[in-house]
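Below you'll find the structure, written out as structure tokens, and then a few comments.
Counting begins at 1 with the first residue of the sequence. Computed from a predicted structure; not experimentally measured. Remember, it's 1-based here, ligands and their atoms both numbered in the order they're listed.
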Amino acid sequence: MREIIPVKEFSEEWNISEFAEKSIAKYREKIGDKKALCALSGGVDSAVCAALISKAIGKNLTCILVDHGLMRKNEVDDVVKVFRENFDVEIKFVDREAHFLSKLAGVTDPEQKRKIIGEEFIRVFEEEAKKLGKIDYLVQGTIYPDIVESGGDGHKTVKSHHNVGGLPEDIGFEGLIEPIRDLYKDEVRAVGLDLGLPERLVKRQPFPGPGLAVRVLGELTKEKLDLLREADFIFRDEIAKAGLSYDISQYFAVLTNLKSVGVSSDERTYEKVIALRAVNTENFMVAEVAKVPFEVLTKASKRITDEIKEVNRVVFDITNKPPSTVEWE
Ligand code: XMP
């Protein structure tokens, strides 16, 4: 039987500035001497959860970072570094790239991709938890928009977020802890700063649990993922050089499953199309296209096509949410 520990029961008019303090006290009492395992994804949500629970139970929290092969360029190293520098917790790094890619081979349906990744995540944690001895609780960084968009709280399903829709029933832990399940993104950031997390981590743009799997459209391969990692890195690099890293809510590259005709040194090419996406939003429930300066876009486009020979066209996504979602899948 799975037990979900709610947080919002503190008060009807709870205040975000009291959230960290009250949550820490609550979880300290609820978890007591038991052990918890936290899934670190590299994103703000799981980082805030890890900080919160580590303050509540200290060394009884172990964080696991699974490299599913779907992270951005340099991301795994970055995350481990930030945590080693800022937390007094055990971090276990698990390389499962080959495993995830084999499970995802041939899968093209976005919902199926999400479900597979979500399920495999939980299995990996179960396996790792077993190796660590008795672990009682699993900590997850589900936030309120994840629940709404996954059809919870009386809403229609938009897409299954891996930490909601893909969760198997036989989870194998005594309880599931979702400390920020009532919060919007901006509130999660406020709590992160209250907890003393570095601004660079708290202000980091969000990254979805299924990672680049929902940004490589259609079937996944390591080659496509590597190509996307390069394109995404170039776009982020150009945004950073323009001093815009923290001024745009979320920005990334997508590898479309289109091919288009181009020309290179008088030769016809027939190559891949990269899409760039940049949005501004308060809470990710609605979002509008970020007005990225044209020079930044064209610089990124030129670098992507110069540095990645398999790409001959770059487009910029100019759709708001709704009708689109932020991610393409
Ligand atoms: P969408 O695409 O639903 O994205 O408009 C809204 C925000 O949520 C992120 N996102 C996810 N985060 N698991 C996550 O943890 C997921 O399955 C997932 N899908 C989307 C997305 O990057 C954006 O910030």
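Contact atoms of ligand 1 toward Arg114: 16 (C), 17 (O), 18 (C), 19 (N) (distance under 4.0 Å to a heavy atom of the residue). Near Pro206, meaning under 4.0 Å from one of its heavy atoms, ligand 1 places the atoms 24 (O).
Here's the thing with Gly209: one of its N/O atoms is less than 3.5 angstrom from an N/O atom of ligand 1. Not one N or O of Arg215 is nearer than 3.5 Å to an N or O of ligand 1, by distance alone.
Distances from atom 4 (O) of ligand 1 to the heavy atoms of Val326, Thr325, Val286 put Val326 nearest. Counting heavy atoms only, Lys321 comes closest to atom 6 (C) of ligand 1 of the residues Lys113, Arg277, Lys321. With distances taken over non-hydrogen atoms, the option nearest atom 24 (O) of ligand 1 out of Gln250, Lys185, Gln140, Glu327 is Gln250.
Considering all non-hydrogen atoms of both residues, Ala253 and Phe235 come closest at N-CD2, 4.4 Å.
There is a side-chain donor-acceptor pair under 3.5 Å between Thr142 and Glu178.
Residue pairs that meet the side chain to side chain donor-acceptor pair (under 3.5 Å) test with at least one member in residues 47-63, sequence neighbours left out, are Lys59-Asp88. Residue pairs meeting the side chain to side chain donor-acceptor pair (under 3.5 Å) criterion with at least one member in residues 305-316, sequence neighbours excluded: Ser260-Asn312, Ser260-Arg313, Thr269-Asn312, Lys302-Asp306, Arg303-Glu307.
Partner of Asp226 under the side-chain contact (heavy atoms from CB on, under 4.5 Å) criterion, out of Glu223, Glu230, Arg229: Arg229 alone.
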